Amino acid sequence: MKPAPAVPILLVLAVGWGGLSCADIAAPSRSQVYEWRMITSSGPGTTDTLNFHWPRSRLPVRIWAEDRLDLPAHVQNGIQQWRSAFLYGEFDAVRVPDSNAADVIVTSQVALKAGFRGTRLAAGAAPECEGGTDFVLPPGSRQIQLPIRVFVSPRFDPALPGVAECLALTTTHELGHAIGIFAHSPFDTDIMYSDPTVSALSARDRATAERAYHLDPNLTASAR
Amino acid sequence: MFIPVVLSVMRAILVLVLMLPAAKVSTAHSQLDYYARLGLTLATQLLTDDVIEEIETRQDPAPTLALGASLPIARTYSAGIEATLTSSGYHSSEPDEKTDLGTLRTGAVVLGLVGPVWRRINWRAGAGLIQYWPAEDQGIFLRGGSTRFLAGAGVDYRPPLMSRWDLMVSLRYDFHRFTTEELEARSFTGSQGVQRLSLTLGLARAQR
């Protein structure tokens, strides 16, 4: 018996209908996040919650790294890690050869001055090395003055075991501050923990970064 | 339920195609129908996500190349294979922002049956696989493209154009469920039903 012409077409439509009737893809809740915003005192009994992310119009963010202690490679790794945290092109960065053209400058110095016009925004303090990220936000202003400065430096001889790994993860941690994660995670399994020991972003780091980049910022970055 | 149905359809088509070599080669050559077409494919969204606001990811309308061949397996029916390539951009959309995510190519191979509808109009239905090839492994394709089962159907209109060639106008609909390794790694559950519709125009070997 020959198949009626409509049978195979009806079969395909039935398969399509059956497939359509299945539930569509369900997004994860992303409820596992930590507070990433900077909550500052703005006067007696009042606070201000500062929230920043790089707008898409400023991407890719330009990052200059001092050619010392393998910082360019560590920065490249950090860029890749933070870029991979996002699904929809929310963040991108490139290394630039001239610090004059950079939005973010990464050096191996010990942090000299504090950011936010008086307050060091963040400092990673793994055992073998340390880091800090300085922002300049003039009083009363909502505009961060570029460049953002990241400092990463070893506590011991850089050739000692563990120091290079520490510099790598601290660089990624500090770049996390530079992309807008101003606060530390309370969980030691996150790269944004105050004394980071993990080398890669956790699901919570990613979810936090995603949320930060989908919430309207109340800070902007100056022209460079 | 979906995958077993598709597998059974594919198995039936495969049996038909494997039986083809039993026919005489010369007969097969004279009866071989082949064609090439160009056109456009439209697709529904690949993904809907929710990060504070809803985010939708979708392919842009895609230029399409289709190549295919078929051989008779009964008096009025043929078994055929059709490969389709598309290439276009894809983007994500939020209420106040649209982001270009790069280039996305797809390749699909469908094994199916072809039969007459009326005069120069044929129906076609089958099942196969679709492969997504992003130009860059990033975002939802961070861990690479994905391969999915596909079911499709369509109609062809073939008026004669030259002595050895027919014009071929084809409308195709196909369906698959989309996800990627990266989405699964990020705890997305299930898959997104994607429907595609294509209209293509080309030349087919005349069967006169």
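Quick note on labels: first sequence line is chain A, next is B, and so on, each numbered from 1. Note that the structure is predicted; figures quoted are calculated from it, not measured.
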What part of [X] is in contact with chain A, defined as an atom under 4.5 angstrom from a non-hydrogen atom: side chain, backbone, both or neither?
X        : result
B:Phe178 : backbone
B:Glu136 : side chain
B:Ser191 : backbone
B:Thr48  : backbone

Item to check | Residue pair B:Glu97, A:Arg56: steps toward the side chain to side chain contact (heavy atoms under 4.5 Å, CB included) verdict | outcome: CA-CA 10 Å; B:Glu97 202 151 32; A:Arg56 295 196 192 214; 3.5 Å; yes

Item to check | A:Ile25 vs B:Arg177, side chain to side chain contact (heavy atoms under 4.5 Å, CB included): CA-CA, chis, key distance, verdict | outcome: CA-CA 9 Å; A:Ile25 198 164; B:Arg177 296 200 68 90; over 6 Å; no

Is the count of non-hydrogen atoms from other residues, nucleotides or ligands lying under 6.0 Å from [X] atom [atom1] greater than 12?
X        : atom1 : value
B:Arg105 : CZ    : no
A:Gln32  : CD    : no
B:Glu53  : CD    : yes
B:Asp96  : CG    : yes

Checklist entry - A:Phe86 and B:Leu142: side chain to side chain contact (heavy atoms under 4.5 Å, CB included), yes or no, with the steps? => result CA-CA 10 Å; A:Phe86 299 96; B:Leu142 187 65; over 6 Å; no

Minimum heavy-atom separation for [X] to [Y], with atom names?
X        : Y        : answer
A:Pro28  : B:Ser187 : CB-O, 3.8 Å
A:Ser84  : B:Arg186 : O-NH2, 2.6 Å
B:Ile140 : A:Tyr88  : CG2-CE2, 4.2 Å

Next on the checklist: Quick check on the structure: residues of residues 202-211 of chain A within a heavy-atom distance below 4.5 Å of chain B, by number.
Outcome noted: A:Arg206, A:Glu210, A:Arg211

Next on the checklist: Any salt bridge linking B:Asp49 with A:Arg30? Criterion: basic side-chain nitrogen under 4.0 Å from a carboxylate oxygen.
Outcome noted: yes

Item to check | Side chains of B:Ile55 and A:Leu87 in contact at under 4.5 Å (non-hydrogen atoms) | outcome: no

Checklist entry - If you count heavy-atom pairs under 4.5 Å with chain A, which of B:Asp100, B:Thr179, B:Asn122, B:Leu47 comes out on top? => result B:Leu47

